[in-house]
Amino acid sequence: MLTESFIVSTLNPSKQAQTSHSKDIGIHLHEYQPNPSLKSSLKKSSTQPNCLAASASHIFAAQSEKAVVHVYNRELGSQEAVVPFPERIRSLAFAGGAEQDVGVLVLGTEAGGLVLWELATGRTVTTPPTHLEAITHLVVSPDANFVLSGSIDSAVLLWSLPSLLSFEYASSYSNTPSQYSPLKTLSSHRAAITALLFGHSHSKTNIALSASQDNTLLVWDPIQGHILHTFLLSSRALCLALDPADRACYAGYEDGSIQLIDFYKSSGPLQMLRNPALQSTPTQPPYEERWHLPASSEGQEALSLQASYDGTSILSGHKNGKVHTWDVGRGRYGNVLAEHDYAVTNLLVLPPSGFPNSKIRHLRLKQVIKPKYESSFATDTGGSSGGVPIDYTLTAQFTSNLPLPAGREIVERDFDDVLCHSSFPTEWLEEGISVFAAGSSWSQKQGQDHPNDDVDESNSETGPAMKKLQAENDLLKTQVAEAMARHRATIHENMVLEKQRWKQKEEERIKGERKKRRRLRRIAAAENARKKFMGEVVEGGSDEEMNEGGEEHEDEDEDEELSSSTDEITDSD
């Protein structure tokens, strides 16, 4: 059965003493379909908007007014780690997808720089402050190749994740100013950025959306860096959500209302975003087309917005702690889905679970590796330009056999094929142990040949262990030799049997051919006798000649053929 869930996080508005409802502050996992309910809660967390990210195994929450990130294990349902950072974190985004474990956590700092944290290695990459003020919004493209960062300084920057994470890139350009420079700078807004979105496409024609306090909504071509269309909103949009097919977007306003902005509303052969004649003309969505809440009250600001998996519903988190649903088909308010005592600052709709042919996670991240600030990826490369650092280690667990490359089958076990399995073969491990034991015994023998060494063999605790390993190694060698002998004997017996079967089959074939030829000769003799009787000319001699000479020669040819055919298997042995 398909199950759809969502995660919400709340914010404690003050640092005063905890109230009786303080237990509601934290992160909450809700089931949306088929039975809306609260599944679990994670305490000790208070997050600002855009400070929550989730992977398939963990949840990351940047704490409000603190330079720490809380890491929660989704499988255990508890807090796993508290990770400190040199400065406050104002935004989070996970690069790798919500269905994956191993990925990169992108963090936006208060000073305007990026921090890239590889969760399975602990490696960190820190960029200089490129924005003039804090980075309040981060979003990663579906293919995890690009990152958009939005700031209070009204700028939107496009970054290349492979370039920032590449060891070769860092070593080759470590002394140039472009080492940590963004690919594009999108600076058409005139006020602080309030929302950022990437489209769902994996192609180069993907779109990006940005909303600002200047009441504008811009749709971008992020790769080319130009504006596809401008929407003039009637008020400030605090959050955005995108249709699963990128047909429209939804804007959440300060009064709690939601507005549908349709990209295909204009008539014409081309979509509004791709029509050059319409790109330079702004569009102003009417205020009357907003979807309003049934009753007005304080704290109804829509702080977070997400679309359901099928795009038929919109979920919104509000400042008064409520989570509402909106019916897209009817274009109106739905109902209250959940209620909390504090502002719902973040809302993440998780991918549905329960599909019969769902993707298999081959790597599992049981525990995140904390950032290693002391290891610089641009300098500690083991003495080789563009190399991987010496202490660079990936820690993960194989959950299944890895898929082989297309069109390839395992014929002989080599190292590349073994890497596609969840563990090394037993014979490889035994061979490694035996080689290690042999090397240790050789080193021990070398120590005996030098009596001046300060090693006392009689008092060493490793002597009996080495002898035991050597004995096990000898036993394994004996077992392998016996197995090989049995294998060779079995092969020889199979060859003898195969020879006998082949010879018998060949003799039967030759006998059948001989009978066929004799039958043909009798038919030919009868035909010649008929022609002779009818007075016709007989070709090929008389019947007596054919019976006397032809049959004798035929028998000799068949005997010779049988002899040569049965001798072939003897020569090939």
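For the numbers below, each heavy atom of this structure counts, side chains included, while hydrogens, waters and symmetry mates do not.
In summary, the side chains of Asn335 and Thr325 do present a donor paired with an acceptor at a separation below 3.5 Å, with no hydrogens or angles considered. No side-chain donor-acceptor contact under 3.5 Å links His202 and Asp143. The closest side-chain donor-acceptor pair between Ser187 and Thr185, if any, does not fall under 3.5 angstrom. Ser234 and Arg290 share a donor-acceptor pair across their side chains, judged by distance under 3.5 Å alone. Side-chain atoms of Ser313 and Tyr32 form a donor-acceptor pair, as typed in the model, at a separation below 3.5 Å. No side-chain donor-acceptor contact under 3.5 Å links Ser37 and Asn35.
Applying the side chain to side chain donor-acceptor pair (under 3.5 Å) criterion to Ser46, with sequence neighbours excluded, gives no partner residue. Scanning for salt bridge (charged side-chain N to carboxylate O under 4.0 Å, His left out) contacts around Glu288 gives an empty result, with sequence neighbours left out. Ser280 pairs by the side-chain contact (heavy atoms from CB on, under 4.5 Å) definition with nothing, not counting sequence neighbours. Contacts of Glu254 classified as side chain to side chain donor-acceptor pair (under 3.5 Å), with partners at least two apart in sequence or in another chain: Arg236. A search for ring-ring contact (aromatic ring centres under 6.0 Å, His included) contacts involving His318 returns His324, not counting sequence neighbours. In terms of the side-chain contact (heavy atoms from CB on, under 4.5 Å) criterion, residue partners of Leu232 (sequence neighbours excluded) are, by chain and number, Thr216, Thr230, Pro282, Gln284.
Here CG of Asn346 is found 9.0 Å from CD of Gln48. Values are rounded to the nearest 0.5 Å. Remark: Leu394 CG to Ile369 CD1 distance equals 8.5 Å, nearest 0.5 Å. Atoms CZ and CD, on Arg88 and Glu65 in that order, are 4.5 Å from each other to the nearest 0.5 Å. The distance from atom OG of Ser151 to atom CG of Leu196, rounded to the nearest 0.5 Å, is 10.5 Å. Distance OG1/Thr109 to CD1/Ile135: 5.5 Å, rounded to 0.5 Å. Rounded to the nearest 0.5 angstrom, Trp220 CH2 and His226 NE2 are separated by 10.5 Å.
Under a 3.5 Å cut-off, the side chain of His137 and the backbone N or O of Thr194 do form a donor-acceptor pair. Between the Glu4 side chain and the Ser308 main chain, no donor and acceptor come within less than 3.5 Å of each other. No donor-acceptor distance shorter than 3.5 angstrom exists from the side chain of Ser91 to the backbone of Ile89, with no hydrogens or angles considered. Of the possible polar contacts, one joining the Asp246 side chain to the His200 backbone as a donor-acceptor pair under 3.5 Å is found. Looking only at distances, no side-chain donor or acceptor of Glu118 sits under 3.5 Å from a matching main-chain atom of Leu116. Judged purely by atom type and a 3.5 angstrom limit, Gln306 has no side-chain atom pairing as donor or acceptor with the backbone of Leu350. Between the side chain of Ser64 and the backbone N or O of Thr47, no donor-acceptor pair lies under 3.5 Å. A donor-acceptor contact shorter than 3.5 Å links the side chain of Asp153 to the backbone of Leu132. No side-chain donor-acceptor contact under 3.5 Å links Asp214 to the backbone of His189. With hydrogens and angles ignored, the 3.5 Å screen pairs no side-chain donor or acceptor of Gln79 with any backbone N or O of Lys44.
You'll find the side chain of Leu158 stays beyond 4.5 Å of the side chain of Leu186, heavy atoms only. Contact annotation: the side chain of Asn145 never approaches that of Leu161 to less than 4.5 Å [non-hydrogen atoms, C-beta and beyond]. Residues Leu260 and Glu289 are not in side-chain contact: their nearest non-hydrogen atoms beyond the backbone lie 4.5 Å or more apart. Taking the side chain as every heavy atom from C-beta outward, Thr345 and Cys51 never approach each other to under 4.5 Å. At least one side-chain heavy atom of Asn320 sits under 4.5 Å from a side-chain heavy atom of Gln300. Residues Phe146 and Ile223 have side chains in contact (heavy-atom distance under 4.5 Å, counting atoms from C-beta outward). Side chains of Leu138 and Asn50 form no contact here, defined as non-hydrogen atoms less than 4.5 Å apart. In this structure, the side chains of Phe6 and Val323 come closer than 4.5 Å at one or more pairs of heavy atoms.
Classified by interplanar angle (parallel below 30°, tilted 30° to 60°, perpendicular above 60°), the ring pair Phe60/Phe94 is parallel.
In terms of heavy atoms, Val156 sits closest to Ser210 at CG2-CB, 4.3 Å. When all heavy atoms of Leu148 and Ala208 are compared, the pair lying nearest together is CD1-CB, 3.5 Å. Shortest non-hydrogen contact noted between Ser154 and Arg190 is CB-C, 4.1 Å. Across Leu273 and Ile207, no two heavy atoms sit closer than the pair CD1-CD1, 4.3 Å. Across Ser316 and Leu347, no two heavy atoms sit closer than the pair C-CD1, 4.1 Å. Contact record, Ser201 with Asn206: O-ND2, 3.1 Å, taken as the closest heavy-atom pair.
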Would you check, one step at a time, whether the test side-chain hydrogen bond (donor to acceptor under 3.5 Å, both in side chains) holds for Ser45 with Gln63? CA-CA 6 Å; Ser45 179; Gln63 299 306 296; 3.2 Å; yes
What do the steps show when you test His58 against Lys366 for side-chain contact (heavy atoms from CB on, under 4.5 Å), and what is the final call? CA-CA 9 Å; His58 291 82; Lys366 296 189 65 176; over 6 Å; no
As a quick check of understanding, evaluate side-chain contact (heavy atoms from CB on, under 4.5 Å) for Leu233 and Tyr253, giving each step before the final call. CA-CA 10 Å; Leu233 307 179; Tyr253 296 99; 3.7 Å; yes
Go through Tyr342 and Asn12 one step at a time and tell me if the side-chain contact (heavy atoms from CB on, under 4.5 Å) criterion holds. CA-CA 7 Å; Tyr342 293 93; Asn12 185 5; 4.1 Å; yes
Verdict with supporting geometry, Thr205 and Arg274, side-chain contact (heavy atoms from CB on, under 4.5 Å): CA-CA 10 Å; Thr205 59; Arg274 305 297 177 182; 4.1 Å; yes
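You'll find the ring centres of Tyr287 and His292 inside the 6.0 Å limit.
With Pro182 as reference, Thr130 is the one residue of Leu114, Val147, Thr130 to meet the side-chain contact (heavy atoms from CB on, under 4.5 Å) rule.
The 12-atom threshold is exceeded at OH of Tyr392, counting heavy atoms of other residues, nucleotides or ligands nearer than 6.0 Å.
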